Novice: 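If you scroll down you'll find the structure; I have some questions about it.
Chain naming here is simple, since letters A, B, ... match the order of the sequence lines and numbering starts at 1 in each. Basis for what follows: all heavy atoms, side chains included, without hydrogens, waters or symmetry-related copies. All figures in this text were calculated on a predicted structure; none of them were measured in a lab.
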Amino acid sequence: MKKGDHLFLVDGSGFIFRAFHALPPLTRKSDGLPVGAVSGFCNMLWKLLTDARDTSVGVTPTHLAVIFDYSSQTFRKDLYPEYKANRSAPPEDLVPQFGLIREATRAFNLPCIETEGFEADDIIATYARAAEAIGADVTIVSSDKDLMQLVTANVHMYDSMKDKQIGIPDVIEKWGVPPEKMIDLQALTGDSTDNVPGVPGIGPKTAAQLLEEFGDLDTLLSRAEEIKQNKRRENIIASRELVQISRQLVTLRTDVPLQLDLDALVLEPQDGPKLIGFLKTMQFTTLTRRVADATGAAAADVEPAEVAVEWGAAAHGPDLDAGEGGDAAAAGKASAPARDGAAGADGEGMRPSELAAARLAAFKDVPVDRSIYQTVRDIETLKGWIAAAREAGLVAFDTESTSLDPMQAELAGVSLALAGDAASPAPGDIRACYIPLGHKSGGDDLFSDGLKLVDGQVPMDEALALLKELLEDPSVLKVAQNLKYDYLLMKRYGIDTAPFDDTMLISYVLEAGIGSHGMDALSERWLGHTPIAFKEVAGSGKAQVTFDRVEIAKATEYAAEDADVTLRLWLVLKPQLAERGLVRVYERLERPLVPVLARMEERGVTVDRQILSRLSGELAQKAAAFEEDIYELAGERFNIGSPKQLGDILFGKMGLSGGSKTKSGQWSTSASVLEDLAAGGEPLPRKIVDWRQLTKLKSTYTDALPTYVHPETKRVHTSYSLASTTTGRLSSSEPNLQNIPVRTAEGRKIRTAFISTPGHKLLSADYSQIELRVLAHVADIPQLRQAFADNIDIHAMTASEMFGVPVEGMPSEVRRRAKAINFGIIYGISAFGLANQLAIERSEASDYIKKYFERFPGIRDYMDATKAFAREHGYVETIFGRRAHYAEIRSSNPSVRAFNERAAINAPIQGSAADVIRRAMVKIEPALKAAGLDDRARMLLQVHDELIFEVEDEAVDAVTPLVVEVMESAAMPAISMKVPLKVDARAAHNWDEAH
DNA sequence: ACGTACACCTA
DNA sequence: GTAGGTGTACGTC
């Protein structure tokens, strides 16, 4: 740098706050990411770089740097601990923009400067004085009064938002003192926003007047006695020392160690494509065009840049691995590229919530109208729809098929819905169509099975080829409701849908615990619209037909409406993720799991029908033997499986005492009641309990499981639900493979029927005590942390702490009680529950709990804090930011309230553990692939804290440690757990031996 | 044919 | 005491 050069110093941090509050809010059109300050920043920088000469600055910079605050821990905090202590957290909408503005700066090819321990103002002061010393001119792009002390003949400030240059006369005009007196003035007045103390009763006017009279602050303080006004004099004398501190606080340092010297700030030429890539990602269409024009870069050829968006979650949740691989591909694409020429009324300058409201308002003018849906009957029309969808970059789709089971279903048709450009969707302009592909008729004739394809349908293979182009197009966001179903169905037709959004999962992330997330419920809740019921279209009961037999006109109304409603829901729900800081939960913990689970479901697991058949026979025989004894003891034959009849026999006919009633007034015949009766010497109850166990195993497992074996794959394909628990756990159904017996020897035999393919093993890897580890982490309990760090028996340690019994030689009963208490804690303990569990008196259980809290006071603190949080917010959060809602926690009904409190205490623990294994599941396939093991090991099942793989025999030794490592480190890098996670893994030919 | 209560399987 | 799903019985429509 030399004399005559012109250095621009941009106060990045100041700009962010100013732009955020001064500019109208602006959100990225496709997803509602708040970008107002980023937009203001980019526009301002571009203007400075290209035509600063035309602004009130009147010169073009030769050097430029953007300066940011690094942290709030600066030397001023040491000087005066209360400095900036009144600052509250930045607004949620602003937080994601900090990182984006740094990204923007780099995209502009400009130095981005921050130094630990110093504020941006100090760095600016240091550069300004250094440049001035060389003889260069300086323009500080800021309007912050704290920087006005730097103004000289050669150093100006520039308020970019008002396009106003600030020189010495301007400072005098505004503050009544020249720049060099600004420090004295600020010391006297203090600064309420930075919590800098001042003299009470002295504002800028009085301060300027006093400085005018006495010349400077030191003189004023030494001659304060001369001040005539009593109150003012007393205040200044009383504040003398504080004013000295204030002066130090407001004085900018000019000796900050500089990472880059002045020469390094020289303006480099713009890298057009790099900048355009960033601007496209932000969807700043106007500026993109301007930059393209100015740099000669072809904007159309530039891909949107991958920008790690640190969305709102950072404000109060962990950074869920921004920049980590994860769902980046889907996320980057799902933010949809800005399209040239995209302009629109929708979303201009709106907060996400306003965007959602505006879209809802648009729907009011254009309600769902089933009469406008188009039936696509020829290939040209289909091509038209697909071209429009690809042009738009956004399409909602839904598949219609012959079965609720995506492994059995045959495709009947596909519906699409469009609402204009992805970057600027037009909610009031939704159109939708149905493409029938496999509708059939005939076959009613008893003497022929001649089902014939209905005329006027696009040939299935041609349509699929076109749909594949659309569904696999990386620049088109596909939106569906419960996409896992459609994903799996389309995958069976050779189509790998991506990128995508799922309205059901968005709703789940927003409102787990509030209502259900099915399409009909969401449509009622958000759109006030009731879609046609499936049974209206396909009938119900005996008269129900598969969708491919539905008349096409009727099918069009139903199917196209589903796509229409799905798109409307997306338009309303998606912006709310950003609004509530839940984007990363959605993008890291929900969306990427869809294809992972779809593949697991598609693979299925082999269940040996012969083993089950043999077991079933054994169980039938044993149960029959019990039946004879039971009838004998009861004195009559009755339906043992009927609790009502059984209750009448036991407590009526036989007159046994010690029974209890269920909430409907029936005699309870639960296992615990029967156990009590058996302990009293009655022979019948014991036999009932045993009979029940046998018949339960038979009906629910050995008889039911074989009916789920797929006719072609010969494997059992469960279905996982991503959105049916409040806590974030998955659930499994048809069949439920998450409740296969394990507790009793008899039950475990069921597990021997789950076997590996020849040449393979089943590998089971399960987290050890993950929920107690999570508890130790969130409640930060030293003894628990230590115990887990040392890998010692946690229940024995608890017993030892509570009862003072050494771990060595501890009676098993003592440990059992401690174990029950540990579990009780996780479940939001109550004396009633613990007493029930341990079959002890409630008062004794109460004493245990009291003792536990004395030994682990941090647990009680955690529970109280969780309850208070839930009461205040109506939800609780996992360590990864997932929310579980408990609306009834404020209920006036004490038992309802207590139930919600227990659930709210449990949810962060159970939910955090669920998040951990979700993360592991997302990471496992890429990890296997990276190790070249992806075609030798396949993840099949998840059972809350356990993953089951099918692994080639020769690959077991390589896969096992890899799986363990991925699972144990699954919380990283988003969360660094205070306790290690431990995973046990074993491989065997069947699930029983592997577990 | 469908919904609810009860019982019982899992983590 | 938390979170689920399924089978049977038995009521209603």
Novice: Mind jotting down which residue pairs meet the ring-ring contact (aromatic ring centres under 6.0 Å, His included) criterion with at least one end in residues 657-677 of chain A? Sequence neighbours excluded, please.
Specialist: A:F651-A:W667
Novice: Judged by atom type as modelled, is there a donor-acceptor pair below 3.5 Å linking the side chain of A:R842 to the main-chain atoms of A:A831?
Specialist: no
Novice: Have a look at A:A835 and say if it touches a base, only the backbone sugar-phosphate, or nothing, with a 4.0 Å heavy-atom cut-off.
Specialist: nothing
Novice: Base, sugar-phosphate alone, or nothing: which one does A:S830 contact when heavy atoms must sit under 4.0 Å apart?
Specialist: base
Novice: Give one of base, sugar-phosphate or nothing for A:N639, where a contact means two heavy atoms less than 4.0 Å apart.
Specialist: sugar-phosphate
Novice: Tell me whether A:S912 contacts the main-chain N or O of A:V774 through its side chain, where contact means a donor paired with an acceptor under 3.5 Å.
Specialist: no
Novice: Answer with base, sugar-phosphate or nothing: what part of the nucleic acid does A:A704 contact at a heavy-atom distance below 4.0 Å?
Specialist: sugar-phosphate
Novice: Taking A:R751 for its side chain and A:I740 for its backbone only, find out whether a donor-acceptor pair lies under 3.5 Å.
Specialist: yes
Novice: Main chain of A:G728, side chain of A:R918: is a donor-acceptor contact present, judged purely on distance under 3.5 Å?
Specialist: yes
Novice: Taking the side chain from A:E968 and the backbone from A:V983, do they hold a donor-acceptor pair closer than 3.5 Å?
Specialist: yes
Novice: Heavy atoms only, 4.0 Å cut-off, all strands: where does A:S721 land among base, sugar-phosphate and nothing?
Specialist: nothing
Novice: Verify the distance criterion only: is there a donor paired with an acceptor across the side chains of A:E734 and A:S719 at less than 3.5 Å?
Specialist: no
Novice: With a 4.0 Å cut-off on heavy atoms, is A:I826 in touch with a base, just the backbone sugar-phosphate, or nothing at all?
Specialist: nothing
Novice: I'd like the 5' and 3' limits of the part of DNA chain C contacted by chain A, with heavy-atom contacts below 4.0 Å.
Specialist: C:dG1 to C:dC10
Novice: With a 4.0 Å cut-off on heavy atoms, is A:G824 in touch with a base, just the backbone sugar-phosphate, or nothing at all?
Specialist: base
Novice: Just by distance, no angles: are the side chains of A:R692 and A:T669 close enough, under 3.5 Å, to form a donor-acceptor pair?
Specialist: yes
Novice: Base contacts versus sugar-phosphate-only contacts with protein, heavy atoms under 4.0 Å: please encode nucleotides 5-11 of chain B as B, S and - from 5' to 3'.
Specialist: SSSBBSB
Novice: So, the side chain of A:R715 versus the backbone of A:R603: is there a donor-acceptor pair under 3.5 Å, distance only?
Specialist: yes
Novice: Reckon A:S732 touches a base, only the sugar-phosphate, or nothing at all at heavy-atom distances under 4.0 Å?
Specialist: sugar-phosphate
